[in-house]
Amino acid sequence: MVKQERAARTREALVRAAAREFERTGYEGTSLGRVARTAGISVGALTFHFASKAGLALAVRTRGDAAVRACAAQAGRSTAPPLDTVVALTLALARLLEEDEVVRAAVRLWRELPEGDGSWSALWRPTVTETLARADRGGLGPAVGAGDVVLLAEYLLAGAESRLSGRPHGPRDESEDDGAEQDDGAKRDDGVERHLSRLWALALPGLSGGPVNRP
């Protein structure tokens with residue numbers, strides 16, 4: 001039992017270390033040696049658990065994909081109005097991207113590995129489509145289709161991913177906010193979830209056919 005627990009801890013450390021390296025330098029730029037150094041173990045110990053870089057990438061993808069699917073499944077069970085559910089899902093995914101390095105690495109691997117289609121939206125887009133289809137037009141304005149909402153969600157999350165990709169060490173440094181103020185006197189918040197929330201506040205009136213009021 002002790003050996004099994006030790007092995008499980010080592011595998012967890014390796015998956016986390018691999019995710020950190022895949023996120024920073026991509027699949028091609030990551031080596032088993034770099035992952036071993038990041039995890040603080042020998043390459044021999046690494047290859048005991050994962051025989052190849054492809055095996056490590058698969059473990060990271062599997063873990064990250066599962067987290068995204070769980071987030072989408074939770075949103076799919078919501079009884080809130082369709083548009084509210086879509087907004088909540090994108091905000092939850094943005095938060096997941098910002099907080100979980102394994103998810104960020106998995107998203108990058110979706111773009112870089114041959115078996116990926118270049119976009120992780122395949123993991124959550126069906127939930128958005130099904131949510132909007134469950135209600136008659138889902139509260140959308142007469143000139144707005146469900147496909148427009150799906151496209152907007154994809155663009156917003158692609159923007160969130162792109163912004164975070166410029167921070168290879170993960171979520172923003174909270175020290176960046178110390179003393180920084182916006183024109184309205186509020187403290188600056190660079191979190192992507194906060195950004196998406198403000199963008200949805202601008203977009204929702206247009207999607208529902210109402211007036212647009214800047215938050």
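Residue numbers run from 1 in the order of the sequence given. Being a predicted model, the structure only gives us computed values, none of them experimental.
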Considering all heavy atoms, the nearest [X]-[Y] contact:
X	Y	result
Leu140	Ala146	CD1-N, 3.7 Å
Leu32	Val43	O-CG2, 4.5 Å
Pro126	Leu123	CD-C, 4.3 Å
Leu93	Leu157	CD1-CD1, 3.7 Å
Val60	Ala18	CG2-CB, 4.0 Å
Ala57	Leu109	O-CD1, 3.8 Å

[X] side-chain N/O to [Y] backbone N/O, donor-acceptor pair under 3.5 Å:
X	Y	value
Asp148	Gly145	yes
Lys53	Tyr27	yes
Glu98	Val192	yes
Thr30	Gly26	yes
Arg108	Glu23	yes
Glu101	Ala19	no
Ser197	Arg194	no

For the [atom1] atom of [X] and the [atom2] atom of [Y], what is their distance to the nearest 0.5 Å?
X	Y	atom1	atom2	result
Arg104	Leu96	CZ	CG	9.5 Å
Thr131	Arg77	OG1	CZ	11.5 Å
Leu89	Asp84	CG	CG	12.5 Å
Tyr155	Ser162	OH	OG	13.0 Å
Glu130	Arg125	CD	CZ	11.5 Å

Checklist entry - Is there a side-chain contact (heavy atoms from CB on, under 4.5 Å) between Glu112 and Glu28 once you walk through the steps? => result CA-CA 9 Å; Glu112 296 183 352; Glu28 292 299 327; over 6 Å; no
Side-chain heavy-atom pair [X], [Y] within 4.5 angstrom cut-off:
X	Y	result
Thr85	Thr79	no
Thr90	Val128	no
Leu207	Trp200	yes
Leu46	Thr10	no
Val15	Phe50	yes

Item to check | Polar side chain donor-acceptor pair, Trp120 to Asp65, under 3.5 angstrom | outcome: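 Trp120 vs Asp65: no donor-acceptor pair found between side chains.
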Item to check | Arg69 charged N/C atom sitting above Trp124 aromatic ring, 6.0 Å / 45° | outcome: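 Judged by the rule (NZ or CZ under 6.0 Å from the ring centre, within 45° of its axis), Arg69 is not positioned above Trp124.
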Next on the checklist: Going by side-chain hydrogen bond (donor to acceptor under 3.5 Å, both in side chains), name the pairs with one or both residues in residues 36-51, residues two or more places apart or in two chains.
Outcome noted: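 Pairs touching residues 36-51 that pass the test: Glu21-Thr38.
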Checklist entry - Of all residues at least two apart in sequence or in a different chain, which pass the side-chain hydrogen bond (donor to acceptor under 3.5 Å, both in side chains) check with Arg16? => result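 Per chain and number, Arg16 pairs via side-chain hydrogen bond (donor to acceptor under 3.5 Å, both in side chains) with Glu12, Asp100.
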Checklist entry - Passes side-chain contact (heavy atoms from CB on, under 4.5 Å), Arg63 versus Val103? Steps please. => result CA-CA 8 Å; Arg63 176 83 64 84; Val103 172; over 6 Å; no
